[in-house]
Asks: 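I have a structure here, written as C-alpha cells, and I will follow up with some questions on it.
Model, not experiment: these values are computed from the prediction. Residue numbers start from 1 in every chain, and the chains themselves are labelled A, B, ... in the order their sequence lines are given, proteins ahead of strands.
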2 protein chains.
Amino acid sequence: MGRRSDHSRDELLSLALDAAEKIVAEEGINALTARRVSKEIGYSVGTIYNLFENLDDLSLHVKARTLDALYAHIKGVPKGEDVESDFMALNKAYFDFLKANPNTWGSILDREGADGQPLPDWYLEKVALPFSVVQAALMPLFGAGEEEQAGFAARTLWCGVHGIAVLGMENSLEAVGSRDAENMAEYLILNFLGGLRRV
Amino acid sequence: MGRRSDHSRDELLSLALDAAEKIVAEEGINALTARRVSKEIGYSVGTIYNLFENLDDLSLHVKARTLDALYAHIKGVPKGEDVESDFMALNKAYFDFLKANPNTWGSILDREGADGQPLPDWYLEKVALPFSVVQAALMPLFGAGEEEQAGFAARTLWCGVHGIAVLGMENSLEAVGSRDAENMAEYLILNFLGGLRRV
DNA sequence: ACCTGAACACCGTTCAAGT
DNA sequence: ACCTGAACACCGTTCAAGT
C-alpha cells in the first residue's frame with residue numbers, strides 16, 4: 001500500500017471526474033458508483049473518498065461540469081432586435097445541448113439534498129449563470145431598473161421550459177401525449193412573452 | 001417453508017402497497033426497498049417478487065396511487081366564468097396537494113424507464129387524467145372542435161407548472177433565487193393565458 | 001400453489017494498516 | 001502524506017427447497 005505519487009491531487013481529481021463524466025454520458029447517472037470510478041482510474045475505492053466527500057459530492061461535480069458546458073453553449077447565441085426570435089434561438093440552443101447530452105442532463109436542477117443538505121454556494125452560482133442569459137434576453141420587455149422583475153420572469157419561464165425539457169428528454173412526454181418537447185417549449189415561451197407584452 | 005394463506009393475494013398487494021406508500025411518504029423514494037417492505041409486512045423478500053415484477057414495478061404502483069389521489073383532489077375544484085380565476089384555483093389545489101405530499105410527489109412524472117422500458121398503458125392513462133382537468137379549464141379560450149389544440153396548450157402549460165413545482169418542492173429553487181414556487185407558477189399561468197388571449 | 005431464505009453479485013462508507 | 005483493501009451493513013434479484 002502507501003502513496004504512489006503517480007499523480008498529483010489535481011491530476012487525480014481530473015482523472016476521476018473525466019471517468020465519472022464518461023460513465024454518466026454513456027450509461028446514465030445510475031451507473032455512477034464510487035467503486036466503478038475507482039476501477040476506471042486504477043486506484044482503490046478509498047482514494048475516491050480521499051478526493052470527494054461522498055458519492056453525492058462526486059456527482060455534484062459532474063453536474064457542475066455540465067452546467068459550465070451549458071453556459072458556454074448558450075451565452076454566445078447571437079441576439080437581434082426581436083425578443084421573440086432571440087428566444088427561439090435560445091430555445092434551440094438549449095434543446096440542442098440537451099439532445100447532445102441526454103444522460104448528462106436529466107437531473108441537473110433536480111433534487112440534490114437527498115440527505116436534506118442545502119446545495120453548496122459554488123454550485124448555486126453555476127446554476128444561476130444560464131438563468132442570467134435568459135434574464136438578459138428578457139430585458140427589452142422591462143424598463144431600466146426592473147432587473148429584479150426580469151429575473152423573476154426569467155426564472156419562471158426557464159423553470160417552465162426545464163419542466164418540459166425534463167419530461168420530454170426522458171420518455172415520459174409520451175405519457176403526456178406528445179413527443180415534441182421543443183415545440184411545446186416554443187409555445188410556452190411565445191405565449192408567456194405575449195402575456196408580458198399585453199400589459 | 002411453504003404457503004401460509006394468512007392473506008389472499010389481493011390482501012397481500014394491499015399490505016405491500018400500504019407499507020410502501022408509508023415508507024415513501026415518511027422517508028422519500030430512496031428509502032423504498034424490497035427488503036424493507038417485506039420486513040414491514042412480515043413476509044420474506046421473495047414474496048415481494050411474487051407480487052411485483054421488480055422494485056420499479058412496485059414503485060410505479062405507489063406513484064399510480066398518488067396520481068389517483070391528485071386527480072381526485074383537483075377534479076372537484078369549482079369553476080366560475082373567469083378562466084384566470086379558475087386557473088388560480090386549480091394552481092392552488094395543485095400546490096396544496098404537493099405540499100401535503102412532498103415526498104410522494106417528487107418524481108411522479110419523471111424518469112421511469114431507467115431500464116429504457118416504456119411506461120405501461122395503465123400508468124399512462126393515470127398520468128393523462130389530471131391533464132384532462134387542465135384542458136377542460138382551458139376550453140373557454142378555444143373554439144368548439146379545438147379540443148386537440150387545447151390539449152396541447154394544457155400539456156404545455158402544466159408541464160411548465162410541473163417544472164416549477166418540482167424545482168420548488170425540492171430545495172433547488174433556492175438554487176434559482178426564489179422560494180416561492182407557487183407565485184412563479186401563477187405568474188407563468190397568467191402570462192401564458194395572456195398570450196393565448198392576445199391572438 | 002405459495003412462501004422461504006440462502007446465494008450471488010453488487011452497493012456506500014470507514015479506517016487500521018501499510019509505504 | 002497518501003493509498004490500500006478488508007470489513008460492515010446494506011442492496012436487487014433468483015430459485016431450489018420446503019409445506
Asks: Does C/dG5 have OP1 or OP2 under 4.0 Å away from a side-chain N or O of B/Arg35?
Replies: no
Asks: Looking at A/Lys22 and A/Asp18, is any side-chain nitrogen of the basic one under 4.0 Å from a carboxylate oxygen of the acidic one?
Replies: no
Asks: Need to verify one output field. Residue with the more 5' nearest nucleotide on DNA chain D, A/Gly46 or B/Val45?
Replies: A/Gly46
Asks: Nearest whole angstrom, please: distance from the P of C/dA1 to the CG of B/Asn50.
Replies: 13 Å
Asks: For B/Asp6 and C/dT4, what is the distance between atoms CG and C1' respectively, to the nearest whole Å?
Replies: 13 Å
Asks: The criterion is side-chain hydrogen bond (donor to acceptor under 3.5 Å, both in side chains); which residues satisfy it with A/Asn50, sequence neighbours excluded?
Replies: none
Asks: Using a 4.0 Å heavy-atom cut-off across all strands, classify B/Ile48 as base, sugar-phosphate, or nothing.
Replies: nothing
Asks: Round to a whole Å and report the spacing from CD1 of A/Ile23 to C1' of C/dC10.
Replies: 15 Å
Asks: Could you check how far CG of A/Asp56 sits from C1' of C/dC11, rounded to whole Å?
Replies: 14 Å
Asks: Counting the atoms with a prime plus P, OP1 and OP2 as sugar-phosphate, which does B/Thr33 contact under 4.0 Å by heavy atoms, base, sugar-phosphate, or nothing?
Replies: sugar-phosphate
Asks: Restricting to side chain to side chain contact (heavy atoms under 4.5 Å, CB included), what partner residues turn up for A/Thr47, sequence neighbours left out?
Replies: A/Leu12, A/Tyr43, A/Ser44, A/Leu51
Asks: I want to verify a distance call: between D/dT4, C/dC3, C/dT13, whose nearest atom is closest to the B/Arg4 side chain?
Replies: C/dC3
Asks: In whole Å, I'd like the distance from the CG atom of A/Asn30 to the P atom of D/dG12.
Replies: 13 Å
Asks: Could you give the distance from OG1 (B/Thr33) to CG (B/Leu58), rounded to the nearest 0.5 Å?
Replies: 9.5 Å
Asks: Not counting sequence neighbours, list each pair that qualifies as a ring-ring contact (aromatic ring centres under 6.0 Å, His included) and has a residue in residues 52-91 of chain A.
Replies: A/Phe52-A/His61, A/His61-A/Trp122, A/His73-A/Phe97
Asks: Pull out every stem in DNA chain C, meaning runs of 3 or more consecutive Watson-Crick or G-U wobble pairs with both distances under 3.5 Å.
Replies: C:4-8 with D:12-16, C:12-16 with D:4-8
Asks: Can you find a side chain N or O atom of B/Ser5 that sits less than 4.0 Å from OP1 or OP2 on C/dC2?
Replies: no
Asks: Between A/Tyr187 and B/Phe192, does the ring centre distance come in under 6.0 Å?
Replies: yes
Asks: May I ask you to decide if A/Leu129's main-chain N or O and A/Ser132's side chain share a donor-acceptor pair within less than 3.5 Å?
Replies: yes
Asks: Check every strand shown and say whether B/Leu58 touches a base, only sugar-phosphate, or nothing at a heavy-atom separation below 4.0 Å.
Replies: nothing
Asks: Say whether, by atom type as modelled, one donor and one acceptor occur between the side chain of B/Asn101 and the main chain of B/Thr104 under 3.5 angstrom.
Replies: no
Asks: Could you check how far CG of A/Asp10 sits from C1' of D/dC2, rounded to whole Å?
Replies: 15 Å
Asks: Report, one line per pair, each donor and acceptor closer than 3.5 Å where one atom sits in a side chain of residues 140-152 of chain B; sequence neighbours left out.
Replies:
residue  : atom : partner  : partner atom : Å
B/Glu146 : OE1  : B/Gly143 : N            : 2.5
B/Glu147 : OE1  : B/Gly145 : N            : 3.4

Asks: Where do B/Glu84 and B/Arg197 land on the salt bridge (Lys or Arg N to Asp or Glu O under 4.0 Å) test, with the steps shown first?
Replies: CA-CA 11 Å; B/Glu84 273 75 7; B/Arg197 285 209 125 100; 2.6 Å; yes
Asks: Does any residue of residues 36-44 of chain B have a heavy atom under 4.0 Å from DNA chain C, and if so, which ones, in number order?
Replies: B/Tyr43, B/Ser44
Asks: Send over the distance from B/Leu51 CG to D/dT14 P, rounded to a whole Å.
Replies: 15 Å
Asks: Expressed in angstrom and rounded to an integer, what is the separation of B/Phe52 atom CZ from C/dC2 atom C1'?
Replies: 16 Å
